[in-house]
Amino acid sequence: MSNSLGNNLLYQGFLTSTVLEHKSRISPPCVGGNSLFQQQVISKSPLSTEFRGNRLKVQKKKIPMGKKRAFSSSPHAVLTTDTPSELAEKFSLEGNIELQVDVRPPTSGDVSFVDFQVTNGSDKLFLHWGAVKFGKETWSLPNDRPDGTKVYKNKALRTPFVKSGSNSILRLEIRDTAIEAIEFLIYDEAHNKWIKNNGGNFRVKLSRKEIRGSDVSVPEELVQIQSYLRWERKGKQNYTPEKEKEEYEAARTELQEEIAHGASIQDIRARLTKTNDKSQSKEEPLHVTKSDIPDDLAQVQAYIRWEKAEKPNYPPEKQIEELEEARRELQLELEKGITLGELRKKITKGEIKTKVEKHPKRSSFAVERIQRKKRDFGQLINKYPSSPAVQVQKVLEEPPALSKIKLYAKEKEEQIDDPILNKKIFKVNDGELLVLVAKSSGKTKVHLATDLNQPIILHWALSKSPGEWMVPPSSILPPGSIILDKAAETPFSASSSDGLTSKVQSLDIVIEDGNFVGMPFVLLSGEKWIKNQGSDFYVDFSAASKLALKAAGVGSGTAKSLLDKIADMESEAQKSFMHRFNIAADLIEDATSAGEFGFAGILVWMRFMATRQLIWNKNYNVKPREISKAQDRLTDLLQNAFTSHPQYREILRMIMSTVGRGGEGDVGQRIRDEILVIQRKNDCKGGMMEEWHQKLHNNTSPDDVVICQALIDYIKSDFDLGVYWKTLNENGITKERLLSYDRAIHSEPNFRGDQKDGLLRDLGHYMRTLKAVHSGADLESAIANCMGYKTEGEGFMVGVQINPVSGLPSGFQDLLHLVLDHVEDKNVETLLEGLLEAREALRPLLLKPNNRLKDLLFLDIALDSTVRTAVERGYEELNNANPEKIMYFISLVLENLALSVDDNEDLVYCLKGWNQALSMSNGGDNHWALFAKAVLDRTRLALASKAEWYHHLLQPSAEYLGSILGVDQWALNIFTEEIIRAGSAASLSSLLNRLDPVLRKTANLGSWQIISPVEAVGYVVVVDELLSVQNEIYKKPTILVAKSVKGEEEIPDGVVALITPDMPDVLSHVSVRARNGKVCFATCFDPNILADLQAKEGRILLLKPTPSDIIYSEANEIELQSSSNLVEAETSAALRLVKKQFGGCYAISADEFTSEMVGAKSRNIAYLKGKVPSLVGIPTSVALPFGVFEKVLSDDINQGVAKELQVLTKKLSEGDFSALGEIRTTVLDLSAPAQLVKELKEKMQGSGMPWPGDEGPKRWEQAWMAIKKVWASKWNERAYFSTRKVKLDHDYLCMAVLVQEIINADYAFVIHTTNPSSGDDSEIYAEVVRGLGETLVGAYPGRALSFICKKKDLNSPQVLGYPSKPIGLFIKRSIIFRSDSNGEDLEGYAGAGLYDSVPMDEEEKVVIDYSSDPLITDGNFRQTILSNIARAGHAIEELYGSPQDIEGVVRDGKIYVVQTRPQM
């Protein structure tokens, strides 16, 4: 039998379906793969070979130059040289490092010497080496080894170099004459890296005494195989006849030398049949004895055995054993009396019985853990301006002129008085077609116009149900019309007498019967039909009127006009995927114009499609290649938008993930052709396969991927129909859905046993074809599309060739091989590392234009999706894992999420935080768990923020469009939730939940943080947000369990305890309120405890706080009545405000601050001046005293404002609280009296402060607005209801304004000189944030850095918690205007923080990177700053003689105190 016939048998019989299975296993440097079996599945050579006699004949096939097949197996790069009497080779490794190798042949005896010298290398180098014997491929380990040599994993030797000056030297002595060469790598232990030869092994041949073997006879079939292997090794070159002969004789010489060195013919035959990946053998003889089984058939049978054993990674000895077992099985068949030709046919049909033991697909030792490149994660940050440069450039250009049809439409709309229900402009050939639908007096008017030059005829009908063709009534036919069978034809006429400037062909149709819902039509130009992307045009009369029924305001927060267009076109889109994808492509321009909400609308629509909420096919047959072409068009446009509008990349990725890749022409056509080939080859032309075939021919869909997988699972399970239905149902396909197809599938599969292997092979190959069109996010398909592949045609079935994407990074293909090799591993760590390394390598290519960008995007989407599935599979691996491993998994998943989303700065800094936590843990830092807990909290906040963004962007569009299209309500309710669940965020959240209790236990944090330790008894009430109930009055003592507490809320009357999983700062407003009001307040970190408390809603509980825990138990009414928490309806001593009067001055300096002029805030800061230690700075201050607001309001220039406020104040007194906002707005209309401006300028300049007006009138206006905002804050809701609660007369509340120069803070802090959580007056408690203090005292999410410090040891602050606040506020040099009311001075009333302090300039919000913050990373710096903060607090407490609540900032290491007041 000829070799070419053997090759064809191997490929056509077994390998046509394994395009993606020829993945090379990436092994450690010395370990070969499964040469017997794995090399059988290398991609088919572009050259066919034929061995005849003593020459190699090479026939070149037609193939584009320079193209490479995907997944071809490539050998290690090796160094091979001729062998002179003495060999010296020199290599430049990297930088100025050089390697020289000298080989010295034996002079006497059989010892060869190999000398290695590395110049300018590391101090710790090792030779990682093995010997290669004649005729062998794998490394052997010689017994003669230099001192210090160690065996490495029984696969290689590792010998240390000896340092000699700047050189490292080493000598090997080789005595074994069977050794042909030494292969090696160099391992640099000091830098933990391998030094390789262009990515592969170094190889040096040994010089040996000449051994003559030219007179040794070698079988010609072995020479043929050796010659073929030499041809492959040399890159499959095109040889001349002379070169072929030369190579053939060189192969003979090589084999003769092997025999001369002691190898037997049997040894050589075993080696060649094991390593020959093309099943080379000589021609089939005419007569075969029963003991003569050709090697190529034995190898094919061995391959079948290997496949049935689930492709294990056999060692070499097992490979030989398997080959002999395969030969024995074939021998048994021959002994039954069949011929060799019959045996061949049985093999191709898989009819040879074989028994194998199934093995795991992969062994865990096959690939070592990859070395990830060190990267600056800051480079991952995506921050795009709202208007990219591309759009800005367009704005600067002249707007494009309207097309003739758009201009006609504009003028026509101005003429039509009736409401326009629908307006569409279709692209037709080289022109456009306009359709306008208006409604007037029960009549529907359709206006059509086109700018096509040739005469056009409208071939049209009417519909009473969408898609129906009914002949129009003769009474409505325009002049010149003719009636056909089910349609009418009406010519367009030139529009020349209607007064319009644009001359076009137009046509008007008036329809009086209101029962018609639409108009289908096509155009006729001469003998040519003009259609809408291959289908009929259709105008819907009813969709717009449905929209008109929607309530006003519905659709806010959406691109409503685009969604209306989508709804209008849905009846057309549901005909087929071709229609839907073409319509989506037509709408991309509109979506781009609408921006973020526009693409959100497209995503929602495509998501409804992907989740089967919309009809996929209705009364329309379409060829698979037409669907594929439409997908290709849509994905091309999405690719272009991805490049030109980078700010929308995240949502564009999400759209692409719902749409298959598509492909021009042949890819889609193979869906139609290949199923016929499968039926023919496997004799399954009836029943379910024929019904599926009919569906595939008329409307293929993503369901076909599931059906194909269900068939494969069914066949693998030995035809268990339960498995078939299980796969279908798990993927959303029910029996009813199968019956709902236009070409319904009624039957169940029913195959014979002898069809099993052929169907598995062919359906496996067919799955790739289906996924290439329908599954853009399928990993193997996505890799194949980027790496390139070629599928041969067969008979009428077309072939497909996909070329590789150019410009892929070096080593990228090997990385993808690793991913595919590990994609099903149970232990997923190596897989995750490979996936992330691949995504990082791919990322630069995604950020620049590329005509194959969409293939790269689909690959990136597939890698992203595989991360999620791998993490879910790896949960079991983490069950008993240490926290460091869980943190490492979190960092990998977080990196994956950061690579997938826009505006990812917060996520990237969380990622850097996790890496820092790992570094702290590995370095033995005792604070690692405490710091990791802060990073965990911040990561949760980032995920919550991302979820809110998705909800804001997508949910309104989903609800609006879904309600119009009739999408199930349950699907609308969970739309955004399912979007989030489909990404990495859900996996990340699960990992955080797993790690949280571990960190709390390690850091001794417990399950609670006690903010206000008060014993309480009350009824449990559960609410979502404290903000939503802050103005409620609870009649019974209430324990409020609130899911959300931000920090600025009021605690409602009647609440005796507040429990939350949220994390407000201990010194936030609500925390101070709780302590002042003797309300128990605590954060619960344990979700199980929180769930138990929520489950007790309506019951009476007794809460007993300890320093680190809350003990709770059920109580009864008696305990409730006796509780000290019962509060009298009236307070024993009512609080009173004394109304302040204008003192005659609009502005005063600090030395004029008195209790009649300003509040305690201003007086305290003036008092500190000159009395605190030098380490504490006090800012210069002036003030607008009490009564200035009232004086300005009474000024003649503000009479109108005064009258308006009088009306609004009366409205407020009558209980209309909406007046609060109106009052604040009205206050901002006040004008500044000239005397106020004059006095304030004098006082500020006299105190050394800058005067805003010196920078221009605009700057003074900014300052004046800030002053008015402080006054207006008297009427904010929180402050107003707070005064009402304690029955203060709000009219008596007066507001002074403290004016200070802003210190551009590095950090801000708040100090309580008595620990507020424990009441311990021996220790100071403080919280610190980056930037200005508003993030600490305001409702900014996350925790501040908190610490305590014993007053007797101010040099030893103890950190209680690290910061998790993602945002810091920073500002340039400016002025701040602080509220200073008389309400803040009342004893027993915590009025501080109720009113606003307003800077003249707006603060800049900065996302904080704590990994570069010295307060976190530098222990000495942290100790110094925190100690100085504590010292400042202690000094001020001693100055006043009572506990103080102090606010301040740190700038360049110096402490500044900006205010102090008695601690409540």
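Residues take their numbers from the sequence shown, with the count starting at 1.
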W616 side-chain N/O to F577 backbone N/O, donor-acceptor pair under 3.5 Å: no

Pairwise distance NZ(K565) to CD1(I583) - rounded to 0.5 angstrom: 12.5 Å

Distance-minimising heavy-atom pair for N429 and K528: ND2-NZ, 4.0 Å

Contact check, side chains of Q679 and I675, non-hydrogen atoms, under 4.5 Å: yes

W460 to L458 - nearest heavy-atom pair and separation: CD1-O, 3.3 Å

CG on D703 to CZ on R737, rounded to 0.5 Å: 4.5 Å

Cation-aromatic face contact K531/F537, 6.0 Å, 45 degrees: no

Ion pair check, D968 and R612, cut-off under 4.0 Å: no

Stepwise side chain to side chain contact (heavy atoms under 4.5 Å, CB included) check, L452 with F492: CA-CA 11 Å; L452 293 173; F492 280 72; over 6 Å; no

Minimum side-chain heavy-atom gap K695-D704 below 4.5 Å: yes

Y648 and F599 aromatic ring geometry - parallel, tilted or perpendicular at 30°/60° bounds: tilted

Nearest heavy atoms of F581 and M606, plus distance in Å: CE2-SD, 4.3 Å

D536 side-chain N/O to F521 backbone N/O, donor-acceptor pair under 3.5 Å: no

Polar side-chain atom of N785 near backbone of S781 as donor-acceptor pair, under 3.5 Å: yes

Student check: side-chain heavy atoms of F426 and D586 closer than 4.5 Å: no

Side-chain donor/acceptor of Q505 to backbone N/O of Q454, under 3.5 Å: yes

Main-chain N/O of M578 paired to K629 side chain as donor or acceptor, under 3.5 Å: no

I964 CD1 to L563 CG distance, which is reported to the nearest 0.5 Å: 7.0 Å

Mutual orientation of the aromatic rings belonging to W469 and H459 [parallel < 30°, tilted 30-60°, perpendicular > 60°]: tilted

Test applied, side chain to side chain contact (heavy atoms under 4.5 Å, CB included); reference residue, L433; option that passes from D451, L523, I425: L523

Closest contact, heavy atoms only, S506 versus Y408: CB-OH, 3.7 Å

Test: D508 and K445 ion pair at under 4.0 Å: no

Interatomic distance, E572 atom CD to R580 atom CZ [nearest 0.5 angstrom]: 11.0 Å

E468 side-chain N/O to K464 backbone N/O, donor-acceptor pair under 3.5 Å: yes

Check: K424 and M569 side chains under 4.5 Å, non-hydrogen atoms: yes

Check: L965 and W605 side chains under 4.5 Å, non-hydrogen atoms: yes

Side-chain (N850) to main-chain (R852) donor-acceptor, under 3.5 angstrom: yes

Stepwise side chain to side chain contact (heavy atoms under 4.5 Å, CB included) check, E691 with R743: CA-CA 7 Å; E691 291 169 354; R743 296 293 188 272; over 6 Å; no

Backbone N/O of M519 and side chain of S463: donor-acceptor pair under 3.5 Å: no

Partner residues of E589 under the side-chain contact (heavy atoms from CB on, under 4.5 Å) criterion, sequence neighbours left out: none

pair K854-D636: side-chain heavy atoms closer than 4.5 Å: yes

Minimum heavy-atom distance G601-L961, with the two atoms named: O-CD2, 4.5 Å

Taking every non-hydrogen atom, the tightest pair across D540 and V517: OD1-O, 3.2 Å

Show me, pair by pair, the donor-acceptor contacts under 3.5 angstrom made by side chains of residues 472-485, not counting sequence neighbours?
{"residue": "S481", "atom": "OG", "partner": "P478", "partner atom": "O", "Å": "2.7"}
{"residue": "S481", "atom": "OG", "partner": "T490", "partner atom": "OG1", "Å": "2.6"}

Nearest-0.5 Å distance, CG of residue L696 to CD1 of residue I678: 9.0 Å

Note, D513 side chain near L462 side chain (heavy atom, < 4.5 Å): no

Donor-acceptor under 3.5 Å (D568 side chain, D564 main chain): no

Salt-bridge criterion met for R653 and D860 (N-O under 4.0 Å): yes

V435 side chain reached by K423 side chain, heavy atoms, under 4.5 Å: no

Residues E690 and Q694: side-chain donor-acceptor under 3.5 angstrom: yes

With K427 via salt bridge (charged side-chain N to carboxylate O under 4.0 Å, His left out) - residues at least two apart: none

N617 side chain vs Y620 backbone, donor-acceptor pair below 3.5 Å: yes

Intermediate values then yes/no, side chain to side chain contact (heavy atoms under 4.5 Å, CB included), I602 and I651: CA-CA 10 Å; I602 298 291; I651 198 163; over 6 Å; no

Atom pair CG (D855) and CZ (F858), whose distance is rounded to the nearest 0.5 Å: 8.0 Å

No-hydrogen, no-angle side-chain donor-acceptor test under 3.5 Å, K618 and S571: no

Intermediate values then yes/no, side chain to side chain contact (heavy atoms under 4.5 Å, CB included), Y538 and N532: CA-CA 9 Å; Y538 185 79; N532 180 26; over 6 Å; no

